[in-house]
Amino acid sequence: MSDVPQLNRRPEWAALEEHRARDLREPSLRELFAADPGRAERYVVHVGDLRIDYSKHLVTDETLRLLRELAAATDVFGLREAMFRGERINTTEDRAVLHTALRAPREAVIETGGRNVVPGVHAVLDRMADFADRVRSGAWTGHTGKRIRNVVNIGIGGSDLGPAMAYEALRAYTDRSLTVRFVSNVDGADLHEAVRDLDPAETLFIVASKTFTTIETITNATAARAWLLAGLDGDDKAVARHFVALSTNAEKVAGFGIDPANMFEFWDWVGGRYSYDSAIGLSLMIAIGPDRFREMLDGFRIVDEHFRTAPAEANAPLILGLLGIWYTNFFGAQSHAVLPYSHHLSKFPAYLQQLDMESNGKSVQRDGTPVGWQTGPVVWGTPGTNGQHAYYQLIHQGTKLIPADFIGFARPAGELSEDLRAQHDLLMANFFAQTQALAFGKTPEEVRAEGVPEELVPHRTFQGNRPTTTVLARELTPSVLGQLVALYEHKVFVQGAVWNIDSFDQWGVELGKVLAKRVEPALTEGADVPGLDPSTTALVAAYRSLRNT
Ligand code: F6P
């Protein structure tokens, strides 16, 4: 048993419980605004280009003060410094956590294990830039001398979600003459659909895998190589012009048959879900070009600096992290919605699912003892306004409290026609209307005043008091995307620090992988699998008989 006081035994925790019971038993945003109209200006934090409004939360100055005290008591800032300093804060894997070094300026010195990692980061960025420029200009050609027109990233989890999300987010900045696709699923249909209309002679595969052992990725990469060679007369030499690797594992890359000269390296102190600003972002860099990629890194850096130096009262990741703790631990909220009012951010919630849920989906503390409190929420969402016509009903009138982040922009990104640009105000009218409706609802009196028959009044009443954060920026640029991602990275960090869990391992994904390896022979060869439970044995038998009829 560690001598760290248990989180829910701390006086700061008790103070929050008491405050909730005493002052915010049935919080009303109408009343909170009536009592303190200034909160609309005061509960706003600016970081980089982001204006983050948290006035529509079920909090008062006292709540925020008590939450900051909880953060101080759990030494969030001490752990933050340890992370930035390169200490091995990922204790179960005995690794440093240095994704912030991926966007450090060239002259910075960040050491881990006695070595400055920054020169290596920039050496890889320079190599990536050189390669990306050659692909974009046509100087890098395929095996037959044809120009590369298609880029297919093969990876999964952090080696897919980040670049795939960012490619969509920055579509307006991409070279439209290139086709860029992402293959992740071990379902052969994914690769099949991605390549069926492509010419192998014009296609570059980027095999992205930190470990280079991930079965889905290696299987898809092997199938992609077969597809390529089938289209190029089986000439093995073609692989060198059509395959590059992004990995920490040079040996496995060479073993797969990719020339280590075509490997872009990263390091074990970069977690998979924190990696798309490393070599893992090569597909994105080819799509948007090295200058835009560096602008994105600058955006990350703005928020890193902010997180490291802004006082607690104005520290955006800290505030967002603590608000999440308020709802998770003191209101019993189980989920958190992320609702971008931007088509380009359509993959952002899926990206955040890995970032948040793989990081904070933990039930033991750093010392291995069980947590006695709730940890990471279920993170979900899709772009507005689509969600409005699907699941917003439940957020507005259901029985669950679902805190939500609304992310929107004052101007559309890219080369839209005048007509399409004009639609942007309608999109954003929905954005503002929804957060108002969620916060302030509609009272029975207001419903009656509209002449609604009495029996329908309860159905048409909106309780309100559904908390939201509004993140607003001028436009979704590469820098703004970097700022947004870093904001969430550090928010997740804050929560993991308070909950006293290791946010940087992911042992929970291992058991399923091991069992899948054990089950596979039973499906393909009909072998008996020792140790299968009766339910799974029956399912496997049913599968086999369906498969063979
Ligand atoms: O299985 C989970 C995981 O390890 C993620 O953390 C990671 O992003 C993903 O698999 C892919 O791993 P790799 O990049 O090593 O192929």
Side-chain angles (χ1 to χ4, degrees), residues 89-99 102 124 128 152-167 182-187 190-191 205-225 243-256 258 263-284 347-362 376 379 485 488-489 492-493 496 501-520:
I89 64 164
N90 175 2
T91 48
T92 71
E93 295 180 329
D94 192 23
R95 286 177 182 166
V97 174
L98 269 181
H99 44 274
L102 297 171
V124 173
M128 288 166 66
V152 180
N153 185 84
I154 299 178
I156 197 163
S159 299
D160 165 71
L161 290 162
M165 176 279 291
Y167 172 69
F182 295 85
V183 171
S184 55
N185 199 327
V186 76
D187 183 340
D190 197 1
L191 179 67
F205 289 99
I206 299 181
V207 186
S209 176
K210 179 175 170 180
T211 56
F212 231 78
T213 56
T214 304
I215 189 81
E216 291 87 343
T217 299
I218 301 307
T219 304
N220 276 326
T222 306
R225 186 171 52 189
F243 273 80
V244 300
L246 320 174
S247 189
T248 59
N249 194 337
E251 211 177 299
K252 291 275 181 202
V253 167
F256 180 84
I258 296 179
M263 169 178 144
F264 298 86
E265 181 194 13
F266 61 114
W267 307 271
D268 71 358
W269 41 262
V270 182
R273 53 193 174 272
Y274 298 87
S275 69
Y276 96 79
D277 47 340
S278 71
I280 290 295
L282 182 65
S283 54
L284 174 69
K347 294 191 170 168
F348 195 56
Y351 169 75
L352 290 184
Q353 283 182 325
Q354 188 199 16
L355 178 66
D356 199 321
M357 293 162 78
E358 201 168 71
S359 296
N360 286 342
K362 309 286 163 65
V379 175
V485 172
Y488 280 94
E489 285 179 348
V492 166
F493 174 91
I501 54 182
D502 185 336
S503 298
F504 302 102
D505 61 14
Q506 57 285 317
W507 299 106
V509 298
E510 293 307 320
L511 178 60
K513 288 187 194 172
V514 172
L515 292 181
K517 266 201 194 130
R518 213 189 285 165
V519 172
E520 197 195 350

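All ligand and atom numbering here is 1-based and tracks the order in the structure. One is the number of the first residue; the rest follow in order along the sequence.
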Ring centre gap for Tyr488 and Tyr351 strictly below 6.0 Å: no

Lys513: partners by salt bridge (charged side-chain N to carboxylate O under 4.0 Å, His left out), with sequence neighbours left out: Glu510

Leu161 side chain reached by Lys347 side chain, heavy atoms, under 4.5 Å: no

Test side chain to side chain contact (heavy atoms under 4.5 Å, CB included) applied to Ser278 and Leu102, Leu246, Val124, the passing residue: Leu102

Sequence-distant partners of Ser503, side chain to side chain donor-acceptor pair (under 3.5 Å), two or more places apart: Asn360

Test ring-ring contact (aromatic ring centres under 6.0 Å, His included) applied to Phe182 - qualifying residues, sequence neighbours left out: Tyr167

Amino acids in close contact with ligand 1, where any non-hydrogen atom sits under 4.0 angstrom away: Ile156, Gly157, Gly158, Ser159, Ser209, Lys210, Thr211, Thr214, Gly272, Gln354, Glu358, Gln506, Val509, Lys513

